[in-house]
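Protein chains get the first letters and strands the later ones, always in sequence-line order, with residue 1 at the start of each. Reckoned from all heavy atoms, side chains included, excluding hydrogens, waters and symmetry mates.
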Protein chains: 2
Amino acid sequence: MTTIKDVAKKAGVSVATVSRFLNDSGYVSSEAAKAVTAAVEELNYELNPVARSLNTKKSNLIGLILPDITNPFFPELARAVEDVALTYGYTVVLCNSDEDPEKEKNYIETLKKKYIAGFIVTSNQLDAPHYANANVPIVALDREINEKIPTVSSNNKEGAILGTNALLERGCRNVLFLRGPEELNPANDRYEGFMEAIQKSDVHYHVVTSPFHFAESQKIVERMLNDNPQIDGIFASSDVSAAGALKAANTVGKHVPNELQIVGFDGVAMGEMLSPGLTTIAQDVYKMGAVATRVLIKQIENKKIEQKFYEVPVKLVVRGTTRSVAE
Amino acid sequence: MTTIKDVAKKAGVSVATVSRFLNDSGYVSSEAAKAVTAAVEELNYELNPVARSLNTKKSNLIGLILPDITNPFFPELARAVEDVALTYGYTVVLCNSDEDPEKEKNYIETLKKKYIAGFIVTSNQLDAPHYANANVPIVALDREINEKIPTVSSNNKEGAILGTNALLERGCRNVLFLRGPEELNPANDRYEGFMEAIQKSDVHYHVVTSPFHFAESQKIVERMLNDNPQIDGIFASSDVSAAGALKAANTVGKHVPNELQIVGFDGVAMGEMLSPGLTTIAQDVYKMGAVATRVLIKQIENKKIEQKFYEVPVKLVVRGTTRSVAE
DNA sequence: ATATTATGTGTAACCGGTTACACATTGAAG
DNA sequence: CTTCAATGTGTAACCGGTTACACATAATAT
């Protein structure tokens with residue numbers, strides 16, 4: 001392995017000069033620069049990032065902490081983070097936290113020892129001290145951590161309004177809202193949006209809490225549909241729940257979209273594969289990941305960040321679980 | 001930050017002794033051990049992995065190279081890799097290759113500079129020199145790289161036989177096989193399995209190549225179903241294709257499973273959410289990832305590996321796209 | 001003409017560990 | 001009573017970079 005010393009020798013300069021040239025720090029004459037360039041080329045020199053890290057206490061690692069990559073929301077996020085990180089020369093470390101604060105803390109400490117450059121975090125441990133005192137650049141994704149940490153999320157409330165109105169415009173008179181877990185910020189924002197939109201109308205509604213879990217949601221919706229046969233619209237605050245609702249409609253024997261219309265939230269690929277295809281409020285998950293990564297890298301590189309909150313727009317994707325709009 | 005020197009001073013020994021104690025290498029008297037333990041405890045000392053790496057040219061990073069984490073097959077794999085890696089004290093770096101040899105090569109080189117401990121790779125670049133000459137522990141996942149590299153995969157052929165027979169036992173007389181891309185080993189193994197099983201019967205069959213892509217598969221199956229209305233069974237070599245087939249059946253107006261039975265391959269979560277639920281050959285993806293990781297770590301730690309090939313069993317999961325077996 | 005400042009370079013300390021080697025002591029073998 | 005191996009420890013070189021500092025020269029200011 002060729003080292004900076006080899007380069008220095010070959011170029012006839014000192015290692016300091018080589019290092020200054022490579023890092024574009026301090027003065028380097030053009031002759032020296034040329035000589036070093038040539039030597040680097042000739043020896044095929046590549047800087048050792050570990051040695052550099054040891055000195056600078058920096059690295060180009062980014063930690064991506066999320067509850068579970070298996071949850072269909074996250075792969076696209078991870079993909080975006082990785083893509084953007086790569087273009088800026090960073091490498092992504094994957095951390096599944098299972099929402100466990102201990103695991104999160106562990107990752108943070110383990111990676112800090114490696115001089116990790118920063119973290120992108122999806123967590124509910126809103127004010128956990130291991131974040132507040134992490135002393136490392138962090139960007140919160142999807143869920144807010146605290147006021148000091150920049151946050152990137154979808155415009156959840158706006159999306160919920162959009163979704164609710166989609167049902168209303170299509171003639172629903174009795175809407176069931178499947179709200180997500182109360183400890184999730186995005187779920188709460190969606191709830192707010194739903195309430196705001198539905199209360200502007202004179203439409204009857206029900207709200208039921210349901211985890212973002214297929215079989216659970218199915219069961220809950222089956223019960224609701226049996227108990228309240230007048231329900232003609234369901235707004236689920238996740239696509240997985242919406243899929244459960246669709247399945248429930250099938251087993252209960254309600255035709256979708258004729259007797260019952262369904263709108264989901266998330267825009268995961270699976271929605272398209274259902275029959276009928278799932279109408280949903282699609283989040284631009286990729287964009288969320290990309291924005292978060294760019295914000296993080298700005299932080300890492302000490303550039304100033306324009307805002308503390310970044311809201312990525314959502315949009316209504318109309319497929320088969322809703323009818324066409326009444327004119 | 002407390003260093004090994006601080007510990008040495010506090011314990012009244014040399015850094016060499018501390019290091020020997022911490023690494024359990026060389027001789028350390030019990031008094032010295034006790035003193036060091038106490039000093040470590042008191043100073044809250046934690047070893048700096050970067051400094052260690054620089055010396056040992058080793059790290060506890062594992063690279064996970066896969067085409068695209070967004071593909072529903074991979075998140076569970078990644079999860080397994082991470083889980084197992086964590087229990088052995090390794091950290092996972094996520095690398096999306098898009099099947100691009102350049103990207104793969106890049107990752108390998110970038111990470112080798114960081115003294116990465118090893119790679120888990122899902123790639124088609126079967127004999128690419130960057131793997132053959134990587135000079136780093138590697139385990140191939142799902143797809144074989146070359147004879148020298150341990151490989152973990154599902155028992156694809158066996159699975160295909162299972163799936164084909166499932167259709168035959170349920171009375172199908174005209175089966176369409178959606179085979180995957182020819183450059184994919186697993187797809188070929190599944191093809192072999194299908195052929196072996198179908199040719200043992202006197203059932204009529206068609207084989208069509210179809211990418212593991214929902215909309216494409218749907219289109220292909222629609223065409224096939226229109227051209228060959230006698231088709232009464234479809235075996236898709238991926239769940240995504242099966243989902244496309246199911247959708248096609250819907251649009252063409254074939255009732256599943258009464259007029260047409262469908263079996264997929266993979267066992268991704270989405271299968272359950274379809275209506276009717278997808279009967280499929282489920283791979284134990286988590287297990288594949290876990291086994292691969294354990295094999296890799298064995299390699300890294302220079303323990304001997306029992307085998308070069310690890311085949312993880314698959315199983316038939318019966319749901320709604322098939323009828324009950326004729327007695 | 002002299003004082004400053006800007007430019008350019010090298011030496012050596014340092015980042016925080018590991019380890020080769022030299023040296024000392026102890027116990028067992030011959 | 002030697003002799004040699006096993007046990008135990010410290011010094012210092014080393015991993016491959018970065019950078020403070022000292023020093024030299026050229027350019028500009030006074």
Side-chain angles (χ1 to χ4, degrees), chain A residues 1-40 43-61 89 109-117 301, chain B residues 1-40 43-61 89 109-117 301:
Chain A
M1 176 181 252
T2 82
T3 72
I4 197 172
K5 274 167 207 152
D6 304 327
V7 174
K9 191 176 290 174
K10 177 133 252 161
V13 298
S14 72
V15 292
T17 299
V18 176
S19 180
R20 276 189 293 255
F21 171 72
L22 294 175
N23 294 293
D24 198 18
S25 65
Y27 298 109
V28 177
S29 68
S30 54
E31 301 94 80
K34 212 183 299 170
V36 171
T37 308
V40 164
L43 298 176
N44 224 295
Y45 169 73
E46 297 187 277
L47 190 144
N48 182 320
V50 177
R52 172 182 275 176
S53 272
L54 183 56
N55 269 284
T56 59
K57 300 183 186 313
K58 286 176 186 152
S59 79
N60 57 357
L61 292 176
E109 294 190 348
T110 306
L111 293 175
K112 272 178 75 174
K113 285 191 222 153
K114 293 190 200 292
Y115 301 126
I116 192 131
E301 296 177 351
Chain B
M1 177 181 252
T2 83
T3 74
I4 198 171
K5 274 168 207 152
D6 304 327
V7 174
K9 191 176 291 175
K10 175 133 252 161
V13 299
S14 72
V15 293
T17 299
V18 177
S19 180
R20 277 189 292 255
F21 172 72
L22 293 175
N23 294 293
D24 198 17
S25 65
Y27 298 111
V28 177
S29 68
S30 54
E31 301 94 79
K34 211 182 302 170
V36 171
T37 308
V40 164
L43 299 176
N44 226 294
Y45 169 74
E46 298 187 277
L47 190 145
N48 182 320
V50 177
R52 171 181 275 176
S53 271
L54 183 56
N55 268 282
T56 60
K57 301 184 186 310
K58 286 175 186 153
S59 79
N60 58 172
L61 292 176
E109 294 189 348
T110 305
L111 293 175
K112 273 178 74 175
K113 285 192 221 152
K114 294 189 200 293
Y115 302 126
I116 192 131
E301 296 176 351

Difference in axis direction between the ends of the helix from C:dA1-D:dT30 to C:dG30-D:dC1, five pairs, 10°: 40°
Sugar-phosphate, base or nothing in reach of B:E31, heavy atoms under 4.0 Å: nothing
Sugar-phosphate, base or nothing in reach of B:V50, heavy atoms under 4.0 Å: nothing
Touch class at under 4.0 angstrom, heavy-atom based, for A:V13 against every strand present: sugar-phosphate
Earlier contact from the 5' end, DNA chain D, for B:N55 and B:G12: B:G12
Range on DNA chain C touched by chain B - first to last nucleotide, heavy-atom distance under 4.0 Å: C:dG16 to C:dT19
Shortest non-hydrogen contact from A:S59 toward A:I116: OG-CA, 3.6 Å
Side-chain N,O (B:Y27) to OP1/OP2 (D:dT7) below 4.0 Å: yes
Closest heavy-atom pair and its distance - A:V15, A:I4: O-CD1, 3.9 Å
Sugar-phosphate, base or nothing in reach of B:Y45, heavy atoms under 4.0 Å: sugar-phosphate
Check: B:L22 and B:Y45 side chains under 4.5 Å, non-hydrogen atoms: yes
Upstream residue (5' side of DNA chain C) when B:T17 and A:R20 are each assigned their closest nucleotide: A:R20
Residue whose closest nucleotide on DNA chain D lies nearer the 5' end, A:S25 versus B:K57: B:K57
Flag side-chain contact, heavy atom, 4.5 Å: A:T2 against A:K10: no
Sugar-phosphate only, base, or nothing, as touched by A:S19 at under 4.0 Å among non-hydrogen atoms: base
Nearest heavy atoms of B:L54 and B:Y115, plus distance in Å: CA-CE1, 4.4 Å
Stepwise side-chain contact (heavy atoms from CB on, under 4.5 Å) test for B:R20 and B:V13: CA-CA 11 Å; B:R20 277 189 292 255; B:V13 299; over 6 Å; no
A:K9 atom NZ, over 12 foreign heavy atoms within 6.0 Å: no
side-chain contact (heavy atoms from CB on, under 4.5 Å) between B:T3 and B:N48, intermediate numbers included: CA-CA 8 Å; B:T3 74; B:N48 182 320; over 6 Å; no
Residue list, salt bridge (Lys or Arg N to Asp or Glu O under 4.0 Å) with B:K57, at least two apart or on another chain: none
